[in-house]
Amino acid sequence: MEIKKILVPIDGSDASERALGYACSLAEKGGAVVTMLYVVEADVLLFPVYRVNLSESDVDSVKKKGEEILALFGRDVPEGTKVERKVEVGMPGASIVREAEVGKADLIVMGNSGKGSVSSFVMGSVSHYVVHHSSCPVLIVK
């Protein structure tokens with residue numbers, strides 16, 4: 001199996017930082033492109049009490065935060081590694097699986113539990129969802 005596209009979900013956690021490092025090592029060896037994906041959780045964009053959508057400027061500011069996190073993590077990517085950055089709005093697990101399909105990822109590399117997920121004993125709920133719904137292999141990095 002040839003790995004040409006690696007998707008790495010980034011949420012700002014130490015676990016996603018370790019996953020990015022692992023993905024970059026794989027990419028360097030095989031010349032793969034690494035896509036860093038930050039998902040703005042859809043629940044963040046709603047006022048739970050009033051069930052009202054935030055304004056477009058609020059959505060833009062939350063997306064901007066995601067772009068800043070990707071830029072910060074991108075500083076650790078070794079020179080010469082091909083990197084793409086994407087910010088999506090949605091439910092993290094479903095958004096990761098969808099991006100892997102649309103982007104034709106050969107592999108998803110992600111942390112076992114992230115900043116926003118509720119951890120189970122084995123892995124976080126987002127990584128658990130991705131493992132069970134992805135059509136491509138998923139590598140969970142501890």
Side-chain angles (χ1 to χ4, degrees), residues 2-120 122-142:
E2 192 172 16
I3 298 172
K4 290 295 177 192
K5 293 184 178 185
I6 303 172
L7 178 62
V8 185
I10 301 291
D11 64 1
S13 68
D14 291 342
S16 64
E17 184 175 21
R18 288 189 300 275
L20 178 61
Y22 203 93
C24 288
S25 293
L26 288 172
E28 280 184 304
K29 291 175 183 151
V33 175
V34 174
T35 300
M36 296 169 37
L37 174 66
Y38 183 89
V39 179
V40 177
E41 195 163 356
D43 290 347
V44 170
L45 301 178
L46 302 174
F47 288 107
V49 175
Y50 302 109
R51 298 177 193 258
V52 175
N53 286 333
L54 295 177
S55 71
E56 193 171 322
S57 65
D58 290 330
V59 172
D60 289 343
S61 75
V62 176
K63 281 184 166 183
K64 185 172 169 59
K65 179 187 173 204
E67 291 167 1
E68 291 169 359
I69 289 171
L70 291 180
L72 180 65
F73 274 59
R75 292 180 190 164
D76 294 333
V77 173
E79 194 173 322
T81 303
K82 299 172 201 145
V83 179
E84 297 175 351
R85 296 182 179 113
K86 293 188 175 187
V87 176
E88 299 289 335
V89 176
M91 299 309 296
S95 295
I96 293 164
V97 170
R98 184 176 52 254
E99 180 57 38
E101 289 172 4
V102 170
K104 299 186 183 339
D106 299 305
L107 177 67
I108 299 170
V109 179
M110 62 189 300
N112 63 329
S113 65
K115 198 171 171 178
S117 67
V118 177
S119 296
S120 66
V122 180
M123 66 179 94
S125 60
V126 174
S127 53
H128 186 267
Y129 180 93
V130 173
V131 164
H132 286 89
H133 291 89
S134 175
S135 58
C136 72
V138 180
L139 176 62
I140 303 296
V141 177
K142 288 182 150 192

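This is a predicted model, so every value here is computed, not measured. The first residue in the sequence is number 1, and the count goes up from there.
Between atom NZ of residue K65 and atom OH of residue Y38 there is a gap of 4.5 Å, rounded to the nearest 0.5 Å. In this structure, the separation between CD1 on I6 and SG on C24 is 8.0 Å, given to the nearest 0.5 Å. Once rounded to the nearest 0.5 Å, the distance linking CE of M36 with CD1 of I69 reads 10.0 Å.
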Enumerate, atom names and distances included, each donor-acceptor pair closer than 3.5 Å involving a side-chain atom of residues 88-111, sequence neighbours excluded.
{"residue": "S95", "atom": "OG", "partner": "M91", "partner atom": "O", "Å": "2.9"}
{"residue": "S95", "atom": "OG", "partner": "R98", "partner atom": "NH2", "Å": "3.3"}
{"residue": "E99", "atom": "OE2", "partner": "K86", "partner atom": "NZ", "Å": "2.8"}
{"residue": "D106", "atom": "OD2", "partner": "K4", "partner atom": "N", "Å": "2.7"}
{"residue": "D106", "atom": "OD2", "partner": "K5", "partner atom": "N", "Å": "2.9"}

Without placing hydrogens or testing angles, list every side-chain donor-acceptor pair under 3.5 Å for residues 71-81, not counting sequence neighbours.
{"residue": "T81", "atom": "OG1", "partner": "P78", "partner atom": "O", "Å": "3.1"}

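Residues L37 and V8 fail the side-chain proximity criterion, which asks for heavy atoms closer than 4.5 Å. Using a 4.5 Å heavy-atom cutoff, the side chains of V39 and I10 are not in contact.
Screening residues 25-35 for side chain to side chain donor-acceptor pair (under 3.5 Å), with sequence neighbours left out, gives T35-E84. Within the structure, salt bridge (charged side-chain N to carboxylate O under 4.0 Å, His left out) pairs that include any residue of residues 12-26 do not occur (at least two apart or interchain).
The aromatic rings of H128 and H132 sit tilted, their planes meeting at an angle between 30° and 60°.
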Could you walk me through whether V130 and I140 pass the side-chain contact (heavy atoms from CB on, under 4.5 Å) test, one step at a time?
-> CA-CA 10 Å; V130 173; I140 303 296; over 6 Å; no
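Under 3.5 Å, the side chains of S127 and N112 contain no donor-acceptor pair of N or O atoms.
S16 places a side-chain N or O within 3.5 Å of a backbone atom of S13 that can act as its donor or acceptor partner.
Closest approach of A23 to V34, counting heavy atoms only: O-CG2, 4.1 Å.
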